[in-house]
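Structure, as structure tokens:
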Amino acid sequence: MSAKDYQEAVYDFQSIEEKWQDRWLKDATYRVSTDKSKEKYYVLEMFPYPSGRIHMGHVRNYSIGDVVARYKRFRGYNVLHPMGWDSFGLPAENAAIKNNSHPARWTYDNIDYMRNQLRQLGLSYDWEREIATCNPKYYRWEQQIFLEMYQKGLVYQQTTTVNWCESCQTVLANEQVIDGTCWRCDETVKARNMNGWFFKITAYTEELLADLDKLSGWPEKVVTMQRNWIGKSTGLHCDFQVDGFEQKLSIFTTRPDTIFGVTFMSIAAEHPLLDTLLQDNPRAQEIRSFVQRLGDEKQQQSHEDLTEKEGIFTGCYCINPFNGDKVPIFVANFVLMGYGTGAVMAVPAHDQRDFEFAKKYQLPIKPVVLPKDTQLNSEEMTEASVLPGALTDSGKFSGIDSGAAQQAIIDFAAEQGFGSAHTTYRLRDWGISRQRYWGAPIPMVYCEKCGVQPVPVNQLPVTLPEDKESQQSECAPLHQRPSFYETSCPACGGEARRETDTMDTFVESSWYFARYASPRFTESPLNKEEASHWLPVDQYIGGVEHAILHLLYSRFFTKVLRDLGYLDIDEPFTNLLTQGMVIKDGSKMSKSKGNVVDPSDLIKEYGADTTRLFSLFAAPPEKDLEWNSKGVEGCFRFLNRIYRFVLANQESIIAAEQSIPVELNKTERGLHRKTHQTIKRVSNNIEQNFHFNTAISAVMELVNSLTASTGDSSKESVDNSVTCEAVRSILLLLCPMVPHFCAELWAILHNGASIDEEQWPKWDEEAAKEDELTIVIQINGKVRSRLQVAADIDETSLQALALADENAQKFIAGKTIRKTIVIQKKLVNIVV
RNA sequence: GCCCGGAUGGCGGAACUGGUAGACGCAAGGGACUUAAAAUCCCUCGCUCGUGAGAGUGUGCGAGUUCGAUUCUCGCUCCGGGCACCA
């Protein structure tokens, strides 16, 4: 074929991609095992839920991860890059009910389909490490971890008010309630009293908080979100004696400095003291019905609308231990039983919420902190004053600065015995019981004689029943299946009943990254040697929507597994990249919006390489990506340009010398320089912040230079070695992004050799250096002229050249030069 | 309300440590090739004025620091995200 024949050729991506995918699979090219001779690198993308088909969000996530994996391999690392399936969950049950099938069938069918889709993308996974969390070979180890946590006192059972989702027919963890609605189906979550199992994540609160400081490789935003979620506050815990009763009322405050400003007390409607207060209370009836109404309203309202502050006087008083003030006790709708003590000391002068309440019920407002140079008059205040200042009207603490007063007041309370320093957290223990079929069974047994008994480890796994006895469907909850729950007590051998709740599916994803180190290990959940070799994950990649839920739970599990002796790390993910969403027509791609682009259609039309390339090129990974089908075509055109060039010039490239001649003409020097500049830019873009969009731009520029300097016969001829160097660099630099394409062209140029055997190209700083620079001449900061100068010009000659410049002269003429600023290699600014 | 981000051409996005704003791609317009179209190749492309050379103006808005600000400081506006009667 002559060069002309390639002018309009379009590369046959389909056969090229199939060919290389088959080869990678057959040769297990990306299989990895421990190799002490190389440095390890563990890159992981959040594993998918097998919902049916992959979507563009997956393509983006896994393309990013694959570039990292392939890049690190080129850099000589021994790279662990596994994939698996987060395969327990409600959608499988819903689909099973709809199709009158079994959740396992639906799930495994989806896995098969999606695995095939992922393979079509050419992702460099070690498929031999694939795991599916719904497989008993996975969840039996989870059950064992559960039992070991139980032995350690990290699992307990409790009846509490839980979040109940009616449409999912199950309990939700606090983290799974978003604005009062279910994270999965948006149904309003209701309060319900239920017995359930809890993981004691609060035993690790301080460590989870403190170790956030170690996560320098995480986006600041995610660290902040976790910090807020844990919600630590420090302050004073203090007892107020209830007047005429034996009981004391405990409060927690972060503003002990305002304690002399307390003018009333607010307690939650559910506060246990209320019953006592209502005994022999003439207004008991009235107060009870008020409390009842608050409860009803709470049920109906979603958490987001803030109701008007409301309360009712209990008729009782308590005594402020600091000044002996007798203050009325109110039941108020804004006090939460679940935070602090369920009772709040009210300081209307310095708390906006208390202020509004005091105004409504005409309660006294008593300022006790005076911000500098201000007077506070309770009559005139329109809002609470929250600024720091000097204490006033505060007994022996008057005059002290509010900041210092906090500690002094806490110390005093401790000394007197009615209070102490105290810390509270927003974080609650993790409720993991789910009343669903398609999850890992909780391995516990109830015996009438022996009570709650753990299933012995040698009886694991407790598997899900697959019988057809259930009348309703094949995925009826376990409590409807006698063959599952009827069992014998492990302790006494008598009749017993199995726990019928399954675990929250977030439990599976809290440790899967560790299991990948030894996915087929049959002796315990983790092979410690393998786990300590591969962990922590060096680079974790996924959507920011998991900032709290999954990432917090995984951090917790890592610490638990460490304390159980399986791991020797404190944190699971050294670096975290949270990728943006894929957007089309202004909103996130979703079935309900009808703006979904199916990756399979794209692969069919343009191939996997173009699909990957576009998802990397259109935006930096952490930002949202606006879908643009024309942009995809642009990427396809780019690959075709390279393809045509390589094929048209293959003979001369193959014949080229590997070494670059010492003497180069101007065109050759320009291309040689551009090649090395590009290697440098692409390497830095990937290394510094994974900005693949600019890396790809840089290669596009090199391709433009290449075709411009060799295609134009009017220019100087270019030595084959220089062309060859440019082409080889382009293929290596693009290989992490478009692997099939580069593998194919590399093989064509290198007698069938595999590009995977190559190393990442190195740049020569000397070759990358410009020998001529454009210097900008500014007059009063405005660009007036440009100057081509040798790169090594000295400051004096540069200044002289600038002053002599014709354009500059026009603006200087007739004016006095007041100052000249020369910035090496950049500009000369003449101030007149 | 509090805490994080962000705002640059018609669009997605570039711009090192304060030093040529708009790289790269898309779209658009013009041209070459073609009977024609597609594909490919070449040229133009922030806005205003000007035939042109060029001049003015321009990175959400308003100030400030500086010889010089997309970049730093202060004050706003809008957009996105997180948390929220949290005591």
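The chains referred to below are lettered A, B, ... by the order of the sequence lines, with proteins before strands, and numbering in each begins at 1. Just so it is clear, the values below take in all heavy atoms, side chains as well, and ignore hydrogens, waters and symmetry mates.
Only the P atoms considered, rA15(B) is 28 Å distant from rC67(B), to the nearest whole Å. Taking atom P on both nucleotides, rA27(B) is separated from rC11(B) by 15 Å, rounded to a whole Å. With C1' as the reference atom, rU20(B) and rU35(B) are 48 Å apart, rounded to whole Å. Nucleotides rA21(B) and rC16(B) place their C1' atoms 15 Å apart, quoted to the nearest Å. rC26(B) sits 39 Å from rG64(B) when the C1' atoms are compared, rounded to a whole Å.
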Let me have RNA chain B in dot-bracket notation, would you? Count Watson-Crick plus G-U wobble pairs, both distances under 3.5 Å, and use [ ] for pairs crossing earlier ones and | for inter-strand partners. (((((((..(((......[....))).(((((.......))))).((((....))))..(((((..]....))))))))))))....
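For Lys819(A) and rC67(B), a side-chain-to-base donor-acceptor distance below 3.5 Å is absent, hydrogens and geometry of angles not being considered.
A heavy-atom distance below 4.5 Å is found between the side chains of Glu310(A) and Lys360(A).
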Pairs: protein N or O with nucleotides 14-21 of chain B N or O, under 3.5 Å:
from, atom 1, to, atom 2, distance (Å)
rA14(B), OP1, Asn693(A), ND2, 3.2
rC16(B), N3, Lys826(A), NZ, 3.2
rC16(B), N4, Lys826(A), NZ, 3.2
rG19(B), N2, Gln778(A), OE1, 3.3
rU20(B), O2, Arg786(A), NE, 2.9
rU20(B), O2, Arg786(A), NH2, 3.3

Close N or O pairs between protein and nucleotides 1-5 of chain B (under 3.5 Å):
none

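More than 90° away from 0 lies the glycosidic angle of rG50(B), which makes this nucleotide anti.
In this structure, the ring of Phe264(A) has its center no less than 6.0 angstrom from the ring center of Tyr361(A).
Relative ring orientation between His422(A) and His237(A) is described as tilted, the plane-to-plane angle lying within the 30° to 60° band.
One atom, CG of Asp624(A), and another, C1' of rC79(B), lie 12 Å apart when rounded to the nearest Å. Distance, Glu626(A) CD to rA7(B) C1': 16 Å, rounded to whole Å.
A salt bridge does not link Lys810(A) to Asp805(A): none of the charged nitrogens lies less than 4.0 Å from a carboxylate oxygen.
Distance from the side chain of Phe811(A) is smallest for rA55(B) among the nucleotides rC24(B), rA55(B), rC85(B).
In this structure, Asp354(A) and Asn807(A) both approach RNA chain B, and ranking their closest nucleotides by distance from the 5' end singles out Asn807(A).
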